[in-house]
Student: 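The structure under discussion is supplied below as structure tokens; questions concerning it will follow.
In what follows, every chain begins at residue 1, and chains take the letters A, B, ... in the order their sequences are listed. The analysis underlying the following values was restricted to heavy atoms, covering all of them including side chains, and did not include hydrogens, waters or symmetry mates.
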Number of protein chains: 2
Amino acid sequence: MAGMMNARFFLLGLLDQRPMSGYDIKRYLKSLEWLIGSPSFGSLYPSLHALLDQGLVTVEIASRSDKPPRKQYSITDAGRLALQEWADRPIFPRATLKDFVMVLMLAGNLTLPRVAAHLEQRRAQVATQRAVLERELHETSGQMTDSGERLALDYGLALATAELAWLDATLGDLAEGDDSATGPLQGNAR
Amino acid sequence: MAGMMNARFFLLGLLDQRPMSGYDIKRYLKSLEWLIGSPSFGSLYPSLHALLDQGLVTVEIASRSDKPPRKQYSITDAGRLALQEWADRPIFPRATLKDFVMVLMLAGNLTLPRVAAHLEQRRAQVATQRAVLERELHETSGQMTDSGERLALDYGLALATAELAWLDATLGDLAEGDDSATGPLQGNAR
DNA sequence: AAGCGCATGTAAAAGGTTACATGATTAC
DNA sequence: GTAATCATGTAACCTTTTACATGCGCTT
């Protein structure tokens, strides 16, 4: 699902929101398959087993009358501790869009300043990458090089610009509703 | 670099633009590492060897006076044929942003109608995904569910909207300069 | 001769996907 | 009883990253 052994921590974060079975997780993630992909059962179940072996989650077999029984996984105290440590780490330089969305998904477990810190880090990263793309585009625009490369650079530039706009707007919302109750987090999609 | 054995065809496409060494490819891809990631040498060199074994590329050792010698890889006729077949396949449903950028990069080797077809396919895919995200966002907005999920959905919505705008603008440019010489392909990044 | 940037390569380990196998329960 | 959905799991295969190993050629 993602390199850097992120996948397991992400699953742990989902289980911190509410206990779920493997099947539940798969369905839940289906709606954002486009952004982060939903893991295959062939990687999902072994990941849950690994978390279990590490004592970060517990299982409970939930038998229901009308449907086959399922295994409900719940996070443990040790799991919450490990998750906290993971979420506190700064985004590593080569983080992808996927990595960022995974952190975003877990924002509900984080304090507002921590969420803001993650957004700021992403902002810095995207701004840097945008500058790289722009420089590259200007350098290659002189010589009539490959049109495919120009297309790709232009596309990347458009996405980076849109992402920066969203980050700024969302960061603004966070600052606005700073310590007010639950925090509003209105939509900023244009 | 990407599942679906795409990586090798992508490399082949780069070599169709101009002969390069492994080191060259790595540097070339470095500027769009953010979008598609640049492969590690540990996967790059074996991929080139595989292309060589399949007869899709040839090598030539280029000795230069001032620097260590390098292996220049060039595409063969068989390689061009295989590449054509690959590029003609429609984008598969679960294609990621990365997959799309890889096709975009190779646009220079494709005819204008083919490029347009790829963009249209991507447009349809993104529009569908955008609708999924929007529905999900409205469904969950009633119940005060997790704020992280709302953030992620809103983020995805913003990106999808921006991508659709870029696709429409670029598709417009392609139609405009339809059969005029080299095709302009101006920038549409906002 | 030591160190650095260029350049290529291999092996071990990790992780994921595909395909297969299994079983419960409901609906026909 | 047979198909369909729900639900979990395993194994073979493929690819990638990580870490290491090697060597050329220039500079100090």
Side-chain angles (χ1 to χ4, degrees), chain A residues 1-12 15 19-30 33 36-54 57-73 92-96 98-99 102, chain B residues 1-12 15 19-30 33 36-54 57-73 92-96 98-99 102:
Chain A
M1 194 176 173
M4 193 71 180
M5 74 155 59
N6 276 353
R8 281 209 280 282
F9 282 103
F10 179 57
L11 292 183
L12 197 55
L15 293 176
M20 284 194 278
S21 69
Y23 204 81
D24 284 335
I25 292 174
K26 175 91 169 158
R27 259 194 328 206
Y28 179 53
L29 256 29
K30 198 69 193 272
E33 188 169 16
I36 55 175
S38 89
S40 65
F41 285 125
S43 75
L44 184 49
Y45 287 123
S47 290
L48 289 172
H49 296 334
L51 289 174
L52 200 57
D53 288 344
Q54 295 178 266
V57 298
T58 55
V59 223
E60 189 184 350
I61 290 162
S63 299
R64 289 139 324 138
S65 51
D66 55 337
K67 287 201 163 55
R70 60 171 58 186
K71 292 187 171 183
Q72 286 269 104
Y73 288 88
F92 61 106
R94 291 169 23 211
T96 60
K98 196 156 133 183
D99 295 314
M102 293 199 305
Chain B
M1 196 175 169
M4 194 70 180
M5 74 155 58
N6 276 355
R8 281 209 278 283
F9 282 104
F10 178 57
L11 292 183
L12 197 54
L15 293 176
M20 285 194 277
S21 68
Y23 205 82
D24 284 336
I25 292 175
K26 175 88 170 163
R27 259 195 324 205
Y28 180 52
L29 256 29
K30 197 67 193 275
E33 188 169 18
I36 55 176
S38 89
S40 65
F41 286 123
S43 75
L44 184 49
Y45 287 124
S47 289
L48 289 172
H49 296 335
L51 289 174
L52 199 59
D53 289 345
Q54 294 177 267
V57 299
T58 54
V59 224
E60 189 185 351
I61 290 162
S63 298
R64 292 143 318 142
S65 52
D66 55 337
K67 287 199 164 56
R70 60 171 57 185
K71 292 187 172 183
Q72 286 271 111
Y73 288 88
F92 62 106
R94 291 170 21 212
T96 60
K98 195 157 133 183
D99 295 314
M102 291 198 306

Student: Give Gly42(A) one of three labels, base, sugar-phosphate or nothing, depending on what nucleic acid heavy atoms sit under 4.0 Å from its own.
Tutor: base

Student: Between P on dG16(C) and CD1 on Ile36(A), what's the gap in Å once rounded to a whole number?
Tutor: 13 Å

Student: In this structure, how many angstroms lie between the C1' atom of dG25(D) and the CZ atom of Arg70(B), rounded?
Tutor: 14 Å

Student: Phosphate oxygens OP1/OP2 of dT8(D): is one of them under 4.0 Å from a side-chain N or O of Tyr45(A)?
Tutor: yes

Student: Separation of Glu33(A) atom CD from dT17(C) atom C1', in whole Å?
Tutor: 13 Å

Student: For Glu60(A), I'd like to know if atom CD has over 12 heavy atoms of other residues, nucleotides or ligands within 6.0 Å.
Tutor: no

Student: What pairs with Ser47(A) under side-chain hydrogen bond (donor to acceptor under 3.5 Å, both in side chains), at least two apart in sequence or on another chain?
Tutor: none

Student: Just how far, in rounded Å, is C1' of dT15(D) from NE2 of His49(B)?
Tutor: 16 Å

Student: Write down the distance between CZ (Phe41(B)) and P (dA7(C)), rounded to a whole number of angstrom.
Tutor: 9 Å

Student: May I ask you to decide if Phe41(B)'s main-chain N or O and Lys26(B)'s side chain share a donor-acceptor pair within less than 3.5 Å?
Tutor: no

Student: NZ of Lys26(B) versus C1' of dG9(C): gap in Å, rounded?
Tutor: 14 Å

Student: Hey, could you give me the CE/OG1 distance between Met102(B) and Thr96(B), rounded to the nearest 0.5 Å?
Tutor: 7.0 Å

Student: Can you check the Leu51(A) CG to dG15(C) P distance for me, whole Å?
Tutor: 12 Å

Student: If the condition is salt bridge (charged side-chain N to carboxylate O under 4.0 Å, His left out), which residues does Arg94(B) pass it with, not counting sequence neighbours?
Tutor: none

Student: Do any side-chain nitrogens or oxygens of Ser47(A) fall under 4.0 Å of OP1 or OP2 in dG15(C)?
Tutor: no

Student: Go through dT17(D), dA7(C), dT17(C) for me and flag the one nearest to the Ser43(A) side chain.
Tutor: dT17(C)

Student: Does anything in residues 60-69 of chain B come within less than 4.0 Å of DNA chain D? Heavy atoms only, and list the residues if so.
Tutor: Ser65(B), Asp66(B), Lys67(B), Pro68(B)

Student: I need the CG-C1' distance between Leu48(A) and dT10(D), as an integer number of Å.
Tutor: 15 Å

Student: For Arg27(B) and for Pro46(B), find the nucleotide of DNA chain C with the closest heavy atom, then tell me which residue's nucleotide is more 5'.
Tutor: Arg27(B)

Student: Given dG9(C), dG15(C), dT8(D), identify the nucleotide with an atom nearest to the side chain of Lys71(B).
Tutor: dG9(C)

Student: Do you know the tightest heavy-atom contact between Gly22(A) and Leu48(A)?
Tutor: CA-CD1, 3.7 Å

Student: Measure from the side-chain N and O atoms of Asp24(B) to the backbone N and O of Ser21(B), and report whether any donor-acceptor pair falls under 3.5 Å.
Tutor: yes

